[in-house]
Amino acid sequence: SINRGEKIALYSREALARTAFFQILAGELEPDEGTFAWGVTITPAYLPNDNTAYFQGDNDQNLVDWLRQYSREGEKDEQFIRGFLGRMLFSGEEVLKKSSVLSGGEKVRCMLSRMMLKNPNFLLLDEPTNHLDLESIIAFNNSLMEYPSNLIFTSHDQQFMQTVSNRIIEITPKGALDKLMSFDEYLMNKDIKAQREAMYN
């Protein structure tokens, strides 16, 4: 159960476990057991760790056309689409760049533009800081700190985990640990450290 204002850092020594958890919540993977349900007012948006599948197919598309395919009817106007790309620092002629020649960081920024099109109120972010430069990470970090709704995210960036999250869920081979505290507190707490070791052994 997730309460208003909770920003959950998902943690695990096994990266595949984290990604599988996100894929299940995003409806891309069927769970072996258990169920979950979104609240009726929730609109989730998912940023996958591996975005390769989103940039296959028609590689001659420019960024406007690439993003347009994810927009709803009535929201396909070029200026409307350019606005979302602009928020992710694609300006002027950059929006006419081919989606086939993007760097890793540019692909992440495109995926974030795609998320914003959905106007979500719940974010699922699997390693969102991968491929981003320091300036982008700082801007993204600040925007998530101010984000008024819920999110579940994971990152290799400890500072990012510490500044954004207020609840930690760690997936282990023997179940999950769930603590309402900061990430640094979670890592340094001696009792939790002992608990974690027992759950991995």
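Each residue takes its place number in the sequence, starting with 1.
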> Shared ILVMFWY cluster between L180 and M161, side chains joined below 4.5 angstrom?
Replying inline: no

> Where do S12 and A17 come nearest, in terms of heavy atoms and distance?
Replying inline: OG-CB, 4.2 Å

> Does anything in residues 178-201 pair up under ring pair (Phe, Tyr, Trp, His ring centres under 6.0 Å), and if so which pairs, sequence neighbours excluded?
Replying inline: Y11-F183

>> Holding to salt bridge (charged side-chain N to carboxylate O under 4.0 Å, His left out), I want the full list of residues that pass it with E78, two or more places apart in sequence or in another chain.
In response: R82

> Hey, does T154 have a side-chain heavy atom less than 4.5 Å from the side chain of D126?
Replying inline: yes

> By the rule that ILVMFWY residues connect when side-chain heavy atoms come within less than 4.5 angstrom, directly or transitively, which residues belong alongside I2?
Replying inline: I8, L10, F21, F22, I24, L25, L29, F36, W38, I42, Y46, F122, L124, I152, I169, I171

>> Please find the pair of heavy atoms, one from E185 and one from M181, that lie closest to each other, and give the distance.
In response: OE1-CB, 3.7 Å

> Can a donor-acceptor pair be found between the side chains of D50 and T52 at a distance below 3.5 Å?
Replying inline: yes

> Below 4.5 Å, heavy atoms only, C-beta onward: do E127 and R18 meet side chain to side chain?
Replying inline: yes

> Taking only residues two or more places apart in sequence or in another chain, which ones pass side chain to side chain donor-acceptor pair (under 3.5 Å) with T41?
Replying inline: none

> Can you list the residues that meet the side-chain contact (heavy atoms from CB on, under 4.5 Å) rule with E197, with sequence neighbours excluded?
Replying inline: R13, N201

>> Any heavy-atom pair between the side chains of L47 and F153 that's under 4.5 Å?
In response: no

> Is there a donor-acceptor contact under 3.5 Å linking the side chains of E146 and S143?
Replying inline: no

> Partners of S113 by side chain to side chain donor-acceptor pair (under 3.5 Å), sequence neighbours excluded?
Replying inline: none

> Step by step, would you call F90 with E106 a side-chain contact (heavy atoms from CB on, under 4.5 Å)?
Replying inline: CA-CA 9 Å; F90 291 108; E106 287 171 328; 4.1 Å; yes

> With sequence neighbours left out, what residues match K7 under salt bridge (charged side-chain N to carboxylate O under 4.0 Å, His left out)?
Replying inline: none

> With a cut-off of 6.0 Å (strictly less than), are more than 12 heavy atoms of other residues, nucleotides or ligands near NZ of K174?
Replying inline: yes

>> Give me the atom names and distance for the closest heavy-atom approach of M199 to L177.
In response: SD-CG, 3.5 Å

> Is any side-chain heavy atom of L125 closer than 4.5 Å to a side-chain heavy atom of M115?
Replying inline: yes

> Out of curiosity, S100 OG to N62 CG, how far, rounded to the nearest 0.5 Å?
Replying inline: 10.5 Å

>> side-chain contact (heavy atoms from CB on, under 4.5 Å), that's the test. Do V95 and I81 meet it? Break it down for me.
In response: CA-CA 10 Å; V95 301; I81 301 293; over 6 Å; no

>> I'd like to know whether L117 forms a side-chain contact (heavy atoms from CB on, under 4.5 Å) with R114, so could you lay out the CA-CA distance, the side-chain angles of the two residues, the decisive distance to 0.1 Å, and finally the verdict.
In response: CA-CA 5 Å; L117 265 181; R114 174 182 169 273; 5.5 Å; no

>> As a quick check of understanding, evaluate side-chain contact (heavy atoms from CB on, under 4.5 Å) for R87 and M116, giving each step before the final call.
In response: CA-CA 9 Å; R87 288 187 212 172; M116 288 192 296; 3.8 Å; yes

> Is the distance between the ring centroids of Y54 and W66 less than 6.0 Å?
Replying inline: no

>> Are more than 12 heavy atoms, taken from residues, nucleotides or ligands other than D133, located less than 6.0 Å from that residue's CG atom?
In response: yes

> Minimum heavy-atom separation for H131 to G104, with atom names?
Replying inline: CB-C, 3.4 Å

> How would you list, by chain and number, every residue that makes a side-chain contact (heavy atoms from CB on, under 4.5 Å) with S149, sequence neighbours excluded?
Replying inline: N121, Y147

> Any side-chain heavy atom of K179 sitting closer than 4.5 Å to one from Q195?
Replying inline: yes

>> Going by ring-ring contact (aromatic ring centres under 6.0 Å, His included), name the residues that satisfy it together with F80, two or more places apart in sequence or in a different chain.
In response: F84

> Any sub-3.5 Å donor-acceptor pair from K118's side-chain atoms to P44's backbone N or O?
Replying inline: yes

>> How long is the straight-line distance from CE of M88 back to CG of L67, given to the nearest 0.5 Å?
In response: 11.0 Å

> side-chain hydrogen bond (donor to acceptor under 3.5 Å, both in side chains) between D157 and T129: does it pass, once the steps are laid out?
Replying inline: CA-CA 7 Å; D157 187 326; T129 53; 5.1 Å; no

> Checking S165 side chain against R167 main chain: does a donor-acceptor pair fall under 3.5 Å?
Replying inline: no

> Rounded to the nearest 0.5 Å, what separation is found between the CG atom of N51 and the SG atom of C110?
Replying inline: 9.0 Å

>> With a 4.5 Å cut-off on side-chain heavy atoms, are L63 and L96 touching?
In response: no

>> If you define the side chain from C-beta out and look only at heavy atoms, does anything of Q158 sit under 4.5 Å from L187?
In response: yes

> Is there a side-chain contact between N130 and H156 (heavy atoms, below 4.5 Å)?
Replying inline: yes

> Mind checking what makes side-chain contact (heavy atoms from CB on, under 4.5 Å) contact with N141, not counting sequence neighbours?
Replying inline: M145, F160, T163, V164

> Mind checking what makes side chain to side chain donor-acceptor pair (under 3.5 Å) contact with N3, not counting sequence neighbours?
Replying inline: E6

> Using links of under 4.5 Å between side-chain heavy atoms of ILVMFWY residues, direct or through other members, which residues join I138 in one cluster?
Replying inline: L134

